[in-house]
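Inspection log for the structure reproduced underneath, given as structure tokens.
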Amino acid sequence: MSNIVVIDGCNVACGPGGKKPGDARNILSATEKFLQKGYSVIIFLAQHWYLNRHDPEKSIANKPLLDDLPDDVSLSIVPSRSDDDLFFIKYAMENNAFLLSNDGLKSHEERFEGQELLDFQKY
């Protein structure tokens, strides 16, 4: 594994209770733990959770906390109508990164074949 941690922002934001759209504090809590251990972190978050212009109540709580992240943290906003899971899965696999998510991601297994499937199953 590399020294990169990929965070499934939508899933981690929801925390143990699973209440959508979650809270940025949950993401930052996980991020801080990995930064303390010397990892770089990239957070993937669906655009409609980061900022929902049609219904602001459906935007992530405490969003301003994500606007001023430390240098070792990147925030990748996944475009609307895109599969955010596929973005962070591919990134983690291509960069041999550790993936943090509360989702088992089993529904994505059928997207891969051969060595890619074996690599995916490691996660």
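Small disclaimer: the values here were computed from a predicted structure and weren't measured.
Remark: Asn96 CG to Asn3 CG distance equals 10.5 Å, nearest 0.5 Å. One distance of note links CG of Asn62 with CG of Asp67; it measures 11.5 Å at 0.5 Å rounding. Rounding to the nearest 0.5 Å places CG of Asp84 at 7.0 Å from NE2 of His48. Annotation: the span from Leu75 atom CG to Leu66 atom CG amounts to 6.0 Å, rounded to 0.5 Å. In this structure, CG in Leu100 is found 8.5 Å from OG1 in Thr31, a value given to the nearest 0.5 Å. With values rounded to the nearest 0.5 angstrom, Ser74 atom OG is found 9.5 Å from Asp71 atom CG.
By the 4.5 Å heavy-atom criterion applied to side chains, Leu28 and Leu69 are counted as neighbours. A 4.5 Å side-chain heavy-atom check between Phe87 and Pro79 finds at least one atom pair inside the cut-off. By the 4.5 Å heavy-atom criterion applied to side chains, Asn52 and Trp49 are not counted as neighbours.
The two residues Gly22 and Ile60 have their closest heavy-atom pair at O-CG1, 3.6 Å. The nearest pair of heavy atoms linking Ala30 to Val12 is CB-CG1, 4.3 Å. A pairwise comparison of heavy atoms in Val6 and Ala97 identifies CG2-CB, 3.8 Å as the closest pair. Across every non-hydrogen atom of Leu35 and Pro70, the tightest pair is CD1-CG, 3.9 Å. Taking both residues in full, the closest heavy atoms of Pro21 and Ser59 are given as CG-O, 3.2 Å, listed atom of the first, atom of the second, then distance.
Aromatic ring pairs are classed by plane angle as parallel below 30°, tilted from 30° to 60° and perpendicular above 60°; the pair Phe34 and Tyr39 is perpendicular.
Side chain of Gln47 to backbone of Ile77: no donor-acceptor contact under 3.5 angstrom is found. When atom types are taken as modelled, the side chain of Asn26 and the backbone of Ala13 share a donor-acceptor pair closer than 3.5 angstrom.
Of the listed residues (Leu45, Ile43, Val78), just one forms a side-chain contact (heavy atoms from CB on, under 4.5 Å) with Tyr50, and that residue is Leu45.
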